[in-house]
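Heads up: the structure comes next, in structure tokens.
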Amino acid sequence: VQLQASGGGLVQPGGSLRLSCAASGFTLDRYTIGWFRQAPGKEREGVSCISIDAGHTYYADSVKGRFTVSRDDAKNTAYLEMNNLKPEDTAVYYCAADRGSPATYLCSGYGSPHYWGQGTLVTVSS
């Protein structure tokens with residue numbers, strides 16, 4: 001049973017990346033999915049979260065208009081599309097699955113995720 005985050009890498013400012021969060025051993029359709037990031041020397045922050053059935057999404061102010069969260073329950077995978085990346089987006093990105101929390105609650109740090117992915121590094125630099 002695990003979450004596997006992937007898709008990170010090195011990209012220039014203004015570039016794009018798509019992160020994936022694939023579940024194995026359980027089905028994502030019963031979980032709120034969250035994307036979090038942690039930059040060196042900083043606390044982990046909730047970036048974007050999506051509720052069950054994608055009925056509600058949350059975005060941190062710093063990524064609104066640039067990031068898009070989605071889910072494909074048929075593929076048991078969630079995604080984070082990141083556009084117009086900035087150097088301050090550099091961080092290790094983690095996905096998490098929480099069975100009971102609303103999206104805003106999870107991203108605000110009040111959830112209790114049942115599963116965490118291992119993290120994927122995003123570096124935005126010229």
Value rounded to 0.5 Å, distance of [atom1] in [X] from [atom2] in [Y]:
| X | Y | atom1 | atom2 | answer |
| --- | --- | --- | --- | --- |
| D53 | D73 | CG | CG | 7.0 Å |
| L28 | I33 | CG | CD1 | 4.0 Å |
| S126 | Q12 | OG | CD | 7.0 Å |
| E81 | S20 | CD | OG | 9.5 Å |
| Y105 | S112 | OH | OG | 7.5 Å |
| Q4 | T120 | CD | OG1 | 9.0 Å |

V122 and side chain to side chain contact (heavy atoms under 4.5 Å, CB included): which single residue from T90, L80, L19 fits?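 Of all the options given, the one that passes is L19.
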Could you pull out the closest heavy-atom pair between [X] and [Y], with the gap in Å?
| X | Y | result |
| --- | --- | --- |
| G46 | A60 | O-CB, 3.5 Å |
| H114 | R99 | ND1-N, 3.3 Å |
| Y115 | V1 | CE2-CG1, 3.1 Å |
| D89 | N84 | OD2-O, 4.5 Å |
| A5 | G119 | CB-N, 4.3 Å |
| S16 | N83 | OG-OD1, 2.8 Å |

Side chains of [X] and [Y]: closer than 4.5 Å at any heavy-atom pair?
| X | Y | value |
| --- | --- | --- |
| S62 | R37 | yes |
| Y59 | T68 | yes |
| C21 | W35 | yes |
| M82 | V11 | no |
| C49 | V69 | no |
| I50 | Y79 | no |
| L106 | F36 | yes |
| F67 | L85 | yes |

Can K64 and D61 be counted as an ion pair, charged N to O under 4.0 angstrom?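 Looking at K64 and D61, the cut-off is met.
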With a 3.5 Å distance limit and no angle check, can you tell me whether D98 reaches the backbone of T32 through a side-chain donor-acceptor pair?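 Looks like no, no N/O pair under 3.5 Å.
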Atom CD of E88: over 12 foreign heavy atoms under 6.0 Å: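 Atom CD in E88 is crowded, with more than 12 foreign heavy atoms closer than 6.0 Å.
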Side chain to side chain contact (heavy atoms under 4.5 Å, CB included), that's the test. Do I52 and D29 meet it? Break it down for me. CA-CA 6 Å; I52 294 170; D29 61 359; 5.9 Å; no
Going only through I, L, V, M, F, W and Y residues with side-chain contacts under 4.5 Å, is there a path from V63 to Y94?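 No.
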Is there a chain of hydrophobic side chains (I, L, V, M, F, W, Y, each step under 4.5 Å between heavy atoms) that links Y31 to Y58?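 Cluster IDs for Y31 and Y58 differ.
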